[in-house]
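For this chain, numbers begin at 1 and follow the sequence in order.
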Amino acid sequence: GLWIGSQAGLFRRRADGTWQDVREVEGAPDALVRVVEQVENGAIWMGTKGSGLVRYRDGAFASLTSADGLSSGLVLSIYEDEARQLWVGTDGGGLCRVDRRGTQTLRDDQVHCLTEEKGLFDDVIHAILPDGHGRLWMSTNRGLFWVDRDQLVAALNGEAEAVKSHAYTEADGLRSRE
């Protein structure tokens, strides 16, 4: 089916063409859904405005919030890499990685986050994309930047103190910061 997150709520178009207001389903996100991403195992991840991450899999919803280690409840972007790591861009909380353990409740998942304090160019991450050279590119309100994925992993695993961001702004030829 097709999933749509909007200010009016979360909706799903079923295979028969009918629409379901998903807000009425137990465990469904009660906040505005900003991003929807389907990952390799078929799970649907949703980033919300204030309620963190919500996963839909096998007919059930599960949430991952600030109480579970997410740096911000405002999720703007979601990306699953080739190693099946889930990268989460937040509004003000930087970049997080969710190490998924595959449980329905998400209680066993571990969340590790990086911010400007540890070398990110910005703590507002609107989009995350790979480039085929081992780097993750991120867009922000202040420009674009990339960080080597191995550096991100090392910092998140506690094996490095910080990462080095390579930023591009209007001074580098961007038409605007955004």
With a 4.5 Å limit on heavy-atom distance, are the side chains of [X] and [Y] in contact?
X: H133; Y: W146; answer: no
X: L95; Y: M138; answer: yes
X: W19; Y: I4; answer: yes
X: L120; Y: K118; answer: no
X: S71; Y: C96; answer: yes
X: Q85; Y: V153; answer: no
X: D148; Y: H166; answer: no
X: D99; Y: H112; answer: yes

Test of ring centre spacing under 6.0 Å for W137 and Y79: no

At what distance, to the nearest 0.5 angstrom, does [atom1] of [X] lie from [atom2] of [Y]?
X: R55; Y: N41; atom1: CZ; atom2: CG; answer: 8.0 Å
X: N141; Y: R177; atom1: CG; atom2: CZ; answer: 7.5 Å
X: T18; Y: R12; atom1: OG1; atom2: CZ; answer: 9.0 Å
X: T48; Y: L53; atom1: OG1; atom2: CG; answer: 7.5 Å
X: D91; Y: K49; atom1: CG; atom2: NZ; answer: 8.5 Å
X: S165; Y: L152; atom1: OG; atom2: CG; answer: 8.0 Å

V35 vs W45, side-chain contact (heavy atoms from CB on, under 4.5 Å): CA-CA, chis, key distance, verdict: CA-CA 8 Å; V35 61; W45 286 88; over 6 Å; no

V36 vs Y56, side-chain contact (heavy atoms from CB on, under 4.5 Å): CA-CA, chis, key distance, verdict: CA-CA 10 Å; V36 178; Y56 178 80; over 6 Å; no

Other residues, nucleotides and ligands only: do more than 12 of their heavy atoms fall within 6.0 Å of [atom1] on [X]?
X: E117; atom1: CD; result: no
X: R84; atom1: CZ; result: yes
X: E159; atom1: CD; result: yes

For [X] and [Y], work out which heavy atoms get closest and say how close.
X: S77; Y: H126; value: CB-O, 3.3 Å
X: I125; Y: G94; value: CG1-O, 3.7 Å
X: G69; Y: C113; value: O-SG, 3.7 Å
X: E116; Y: D123; value: N-OD1, 2.6 Å
X: F121; Y: R142; value: O-NH1, 2.9 Å
X: I78; Y: M46; value: CD1-C, 3.9 Å

Using atom types as modelled and distance alone, determine if a side-chain donor or acceptor of [X] lies under 3.5 Å from a backbone N or O of [Y].
X: E80; Y: E40; answer: yes
X: S139; Y: A127; answer: yes
X: T140; Y: L144; answer: no

Passing candidate, side chain to side chain contact (heavy atoms under 4.5 Å, CB included) with V33, options L10, V22, V54: L10

Worked verdict on R97 versus N157 for side-chain contact (heavy atoms from CB on, under 4.5 Å): CA-CA 10 Å; R97 183 188 69 199; N157 289 344; 2.7 Å; yes

Carboxylate-amine/guanidinium proximity below 4.0 Å for D21 and R23: yes

side-chain contact (heavy atoms from CB on, under 4.5 Å) evaluation trace for L114 with V147: CA-CA 12 Å; L114 285 175; V147 178; over 6 Å; no

Could you state whether [X] and [Y] fall into the same hydrophobic cluster, counting links through intermediate Ile, Leu, Val, Met, Phe, Trp or Tyr residues with side-chain heavy atoms under 4.5 angstrom apart?
X: F145; Y: W87; answer: yes
X: L76; Y: V39; answer: no
X: V124; Y: L74; answer: no

